[in-house]
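Basis for what follows: all heavy atoms, side chains included, without hydrogens, waters or symmetry-related copies. The residues of the chain are indexed from 1 along the displayed sequence. Each ligand, and each atom within it, is numbered from 1 in the order the structure gives. Predicted model only: the values in this text are computed from it and were never measured.
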Amino acid sequence: MFGHAPVGRPENLAFRVLEEDAKALDGKATRRLVEISFDTPHAGKFNFPVQLYVPNAAKGPVPTLVLLQFEGLTDPATPQIIDRGWALAILDRTKLAADDAATFRSGVINAFSGQRELAPDAWQAFGAWAWGSSRALDYLETEPAVDAGRVAVVGFSRMGKTALWAGANDERFAAVISNESGAGGAALSSRLYGETIEDLNVRFPHWFCKNYRKYNGRERDLPFDDHLLLALVAPRPLYVGSADEDLWSDPRGEFLACVAASPVYELLGVPGLGTDQMPPLDEPVASGRIGYHIRRGRHAFTDYDWQRYIDFLDRQLSATAPAPAEKLQ
Ligand code: GTR
């Protein structure tokens, strides 16, 4: 579905602070613009930017959200995240891979895979963005202001799909947040509700690997469904947010995928979602390791969503909560 990306760290991975502002956001935060660079086999040195905001009120290393941004290095939610004591690292995906069928290869994909035709199971844009998320985490592990054991990856819509794939691949992400990721993300494809595999692959042929196209119009022949993408996050905390007017993303399919992923959490000794009853609007289910809400409104990343995600993460990743790995032993 997502294809294979290069494994492991690239050669000569380096992090350089390009700008630092100790009085960002009216003095609330320190902002660091960081260049992540590395060697590639086909394009020499490659780099992309990440912007980190750390709360100035912090007394020690802080938990950190990695936001996979559509474009740019800012986000209007930054002040409220900082107010809650979290750092925010914003990754701009555009240098890694353009979100464009004609040019998506010209970033990190050709730099590693060369100009030849991509194999049917090779990475495309989602693979490149998720791979870059792990490089951002490589940087955060070197940043003393960040508690590297409490880094969550978060994305909205197509970047919610990316966040799930990034979290599935890289267990250093302590938690994963999918905001209305929909088809190809948290929603079950086999329900045939809202966006289909064919819709995805025809409109966005550069997102998934080519093999996924074999299932255009054949959702029920897939040997897996999207609950297994969620289950790859187990036993780490996972939160899926839906919106009731966002039918294209199939909110119910997102909920049912959380239900269907729960047995994997239970197998690993922790509670999953803990219910198979879809909750009322604006009433999160968040007692287990999987959280879920369906809020009123449209396809968007709202303040309500952010607040619920941080509520959940504060409980799940509090400094005193046992790490999922310890629970397993
Ligand atoms: C839509 C696409 C969805 C979702 C969304 C978004 O056009 O059909 O899969 O990813 O874009 O990213 O906003």
**Student:** Is the contact between Phe204 and ligand 1 made by the side chain, the backbone, both, or neither, using heavy atoms and a 4.0 Å cut-off?
**Tutor:** side chain
**Student:** If you round to the nearest 0.5 Å, how far is CG of Asp225 from OG of Ser190?
**Tutor:** 4.0 Å
**Student:** Report the nearest protein non-hydrogen atom to atom 11 (O) of ligand 1: residue, atom name, distance rounded to 0.1 Å.
**Tutor:** Arg158 NH2, 2.9 Å
**Student:** Enumerate the atoms of ligand 1 whose separation from the nearest heavy atom of Arg203 is less than 4.0 angstrom.
**Tutor:** 7 (O), 8 (O)
**Student:** Short list, please: which atoms of ligand 1 are under 4.0 Å from a heavy atom of Phe70?
**Tutor:** 12 (O)
**Student:** Is the shortest heavy-atom distance from the side chain of Trp306 to the side chain of Phe301 under 4.5 Å?
**Tutor:** yes
**Student:** If you draw the axis of the six-membered ring of Tyr193, does the NZ or CZ of Arg252 fall within 45° of it and under 6.0 Å from the ring centre?
**Tutor:** no
**Student:** Could a heavy atom of Trp207 be found less than 4.0 Å from some atom of ligand 1?
**Tutor:** yes
**Student:** Between ligand 1 and His299, can you find any atom pair, the residue atom being a heavy atom, that is separated by under 4.0 Å?
**Tutor:** yes
**Student:** Geometry only, no angles: is Lys161 polar-contacting ligand 1 at N/O separations under 3.5 Å?
**Tutor:** yes
**Student:** Could you tell me which atoms of ligand 1, counted from 1 in the order shown, lie closer than 4.0 angstrom to a heavy atom of Glu195?
**Tutor:** 2 (C), 3 (C), 8 (O), 9 (O)
**Student:** Could you tell me whether Arg172 and Asp138 make a salt bridge, using a distance below 4.0 angstrom between a side-chain N and a carboxylate O?
**Tutor:** yes
**Student:** Going by side-chain contact (heavy atoms from CB on, under 4.5 Å), Phe48 matches just one of Glu35, Arg93, Lys95. Which one?
**Tutor:** Lys95
**Student:** Could you work out, with side-chain hydrogen bond (donor to acceptor under 3.5 Å, both in side chains) as the rule, every residue matching Arg158, not counting sequence neighbours?
**Tutor:** Asp99
**Student:** Which atoms of ligand 1 have any heavy atom of Ser157 under 4.0 Å away?
**Tutor:** 4 (C), 5 (C), 6 (C), 10 (O), 12 (O), 13 (O)
**Student:** If the cut-off is 4.0 Å to any non-hydrogen atom of Leu200, which atoms of ligand 1 fall inside it?
**Tutor:** 9 (O)
**Student:** Is there a path of hydrophobic side-chain contacts, each under 4.5 Å between heavy atoms of I, L, V, M, F, W or Y residues, that connects Leu13 with Val66?
**Tutor:** yes
